[in-house]
> 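The structure that follows is given in the form of structure tokens.
Whatever order the structure lists them in is the order used to number ligands and atoms, beginning at 1. We're numbering straight along the sequence, starting at 1.
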Amino acid sequence: MTYQNYSLKQLQQIDAAHHLHPFTDHKELREAGARVITHANGPFIYDSEGTELLDGMAGLWCVNIGYGRDELAEAAYAQMKELPYYNSFFKCSTPTPVLLSKKLAEIAPKNVNQVFYGSSGSEANDTALRLVRHYWVLEGKPEKNRVISRKMAYHGSTIAGTSLGGMDAMHKQLNGAVPNIVHVMMPYAYELALPGESDHDFGLRAAKSVEDAILEAGAEKVAAFIGEPVMGAGGVKIPPASYWPEVQRICRKYDVLLMLDEVITGYGRTGEWFAAQTFGIEPDTITTAKALTSGYQPLSALLVGDRIASALVEKGGEFNHGYTYSGHPVACAVALKNLEIIEREGLVDRVRNDTGPYFAKALQERIAGHDLVGEVRSIGLMGAIEIVKDKATKERFLPSGSAAVVVRDHAIANGMMLRATGDTMILSPPLIWTRDTIDMACERIGKALDLAQADLRKR
Ligand code: PXG
């Protein structure tokens, strides 16, 4: 029986009776009822009532090639018919993860040539943490096991992912994080730069917090630094240009490994295959997922740099780690087709040379001037809009985080799906957006801001 045989009300009732949702206040959801998205095409999603929404979030930062791609369905169908599953354990392999690994090595930074697969970004970060700690054991330095991360970082929702991440609300519910992970300041100039401090100087100061943490623990105890090149779920926080080169210099100086989490920034989002290339970073690991398959299949790939991979191969023996679905043949077939489409349609170059700059200009010219907007920022096709009560003082509406939700709700009512995190509106659209789609988005967001302004000024 397909869902078409159920009314929206019935689906909502069954959902409320049996389905526990991620990051959701269940009581609230059960009272309101979920919005049920039933189909999608190109840049648009549709709910059960037929409402069309322009999807400003590419699903959840993942549907980079847009919806309705028959080729991906066909790739999955063909692979399922030929070989739906076989494992990659016990000296076995299947063709699609082999070919995908070769492709990923081609597009990754030049020191990165090996791949370990999982089904989610969280799993990939668990793998990364285990691998990095194991590396230092192999190097005869088992005490080098601490990891430095950042406040407000998002690295997933498993126990390791949550521990690596810097979200207070998530840590509170952990009641016991993975030990030896510390969190330093984020490179977020809009709120954290001192009066009169230049972006450049702020970037260096934020990087210095990494050095301070290394020195505090003792370099001989620090395994790695982990960071999203651009913080995503934490609010599209784009570091100043001075930040990453300095972090890399510091990591090298103290022989601390550099782990990048590119679950959001990977596969074209910033105008290169990886943000490592955008920022000129040579990382030891790169966590990727989401747009690897444009979300059409669950798949993650931890890209492993030569330094760690060589130690693992030469002196590692058996690495006692892996998942049933590591290198899943169907997910890898879909990933191969997805990367082929991104390449064939030149989406990465288009973001770098055309839509990315146009998006930045449109946000600056059409959104930044609005009374409710403290700052807009973007890189490639990811952007943020800071909602403030007072542009000059950066004062926010109270309670904190409430204003962006008002903007979001008006945006949705005006045909634009976007996300609010704290007081920040977030955009991360499919890379198939054109200049026309960007215009349409700006028009809808502008309208939402006007309507929200009327509501919020009444408070
Ligand atoms: N790292 C980063 C940088 C992420 O953004 C993960 C790891 C975990 O991936 P999985 O596949 O395990 O979810 C993510 C996921 C949000 C939101 O609210 C963002 C994510 C997940 C859920 C919600 O923006 N990113």
> Should the heavy atoms of other residues, nucleotides or ligands under 6.0 Å from NZ of K361 be counted, would the total exceed 12?
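Counting other residues, nucleotides and ligands, NZ of K361 stays at 12 neighbours or fewer.
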> Between S122 (side chain) and S157 (backbone), is there a donor-acceptor pair under 3.5 Å?
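Side chain of S122 to backbone of S157, a donor-acceptor pair under 3.5 Å: yes, one is there.
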> Can you sort out which atoms of ligand 1 are near A233, meaning under 4.0 Å from one of its heavy atoms?
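Once the distances to A233 are compared, the set is 16 (C), 19 (C), 24 (O).
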> Numbering the atoms of ligand 1 from 1, which are under 4.0 Å from a heavy atom of S120?
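Close to S120: 11 (O), 12 (O).
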> Please report which non-hydrogen protein atom sits nearest to atom 1 (N) of ligand 1, along with the residue it belongs to and the distance in Å to one decimal place.
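Going by distance alone, atom 1 (N) of ligand 1 is nearest to D261 OD2, 2.6 Å.
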> Are any of the heavy atoms in W61 under 4.0 Å away from ligand 1?
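In this structure, W61 qualifies as a contact of ligand 1 - some heavy atom is under 4.0 Å.
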> Which heavy atom of the protein is the closest neighbour of atom 22 (C) of ligand 1, given with residue, atom name and distance?
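Its nearest protein heavy-atom neighbour is L60 CD2, 3.6 Å.
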> What part of N125 sits under 4.0 Å from ligand 1 if we count only heavy atoms: the side chain, the backbone, both or neither?
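Side chain only.
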> Counting heavy atoms only, name the option from E228, M167, R419 that's nearest to atom 18 (O) of ligand 1.
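Heavy atom nearest to atom 18 (O) of ligand 1 belongs to R419.
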> Got more than 12 heavy atoms from elsewhere within 6.0 Å of OH, Y325?
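No.
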> Does ligand 1 have a heavy atom under 4.0 Å from the side chain of E262, from its backbone, from both, or from neither?
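Neither part.
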> Considering only the protein, which heavy-atom contact is closest to atom 5 (O) of ligand 1, and what is its distance?
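Looking at atom 5 (O) of ligand 1, the protein heavy atom closest to it is I264 CD1, 3.2 Å.
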> Could you identify the single nearest non-hydrogen protein atom to atom 13 (O) of ligand 1 and state the distance to 0.1 Å?
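Going by distance alone, atom 13 (O) of ligand 1 is nearest to S122 OG, 4.3 Å.
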> What protein heavy atom lies closest to atom 2 (C) of ligand 1? Include the residue and the distance to one decimal.
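Sorting protein heavy atoms by distance from atom 2 (C) of ligand 1 puts Y154 O, 3.3 Å first.
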> Using only atom types and a distance under 3.5 Å, with no angle test, would you say the side chain of Q79 pairs donor to acceptor with the backbone of V334?
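No, the answer is negative, given that no donor and acceptor are paired below the 3.5 Å cut-off.
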> Of all the non-hydrogen atoms in the protein, which one sits nearest to atom 20 (C) of ligand 1, and at what distance?
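Here the nearest protein heavy atom works out to K290 NZ, 3.5 Å.
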> Checking the side chain of H328 only, and the main-chain atoms of Y85 only, is there a donor and an acceptor separated by less than 3.5 Å?
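Checked: no pair found.
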> For H183 and G165, indicate whether the former's side chain and the latter's backbone hold a donor-acceptor pair under 3.5 Å.
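Side chain of H183 to backbone of G165: a pair is present.
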> Could you tell me whether a side-chain N or O of N125 sits under 3.5 Å from a main-chain N or O of H155, the two making a donor and an acceptor?
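Yes; judged by distance alone, with no hydrogens or angles, the pair exists.
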> Within a reach of under 6.0 Å around CD1 of I14, are more than 12 heavy atoms found that belong to other residues, nucleotides or ligands?
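Yes, because the 6.0 Å sphere around CD1 of I14 holds more than 12 heavy atoms from other groups.
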> Under 3.5 Å, N or O to N or O, is G121 touching ligand 1 that way?
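There is such a contact, yes.
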> Is there a polar contact between ligand 1 and E123, counting only N or O atoms under 3.5 Å apart?
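Among all N and O atoms of E123, none is under 3.5 Å from an N or O of ligand 1.
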> Would a distance-only check, ignoring hydrogens and angles, find a side-chain to backbone donor-acceptor pair under 3.5 Å from Q12 to A34?
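Flag set: sc Q12 to bb A34 pair under 3.5 Å.
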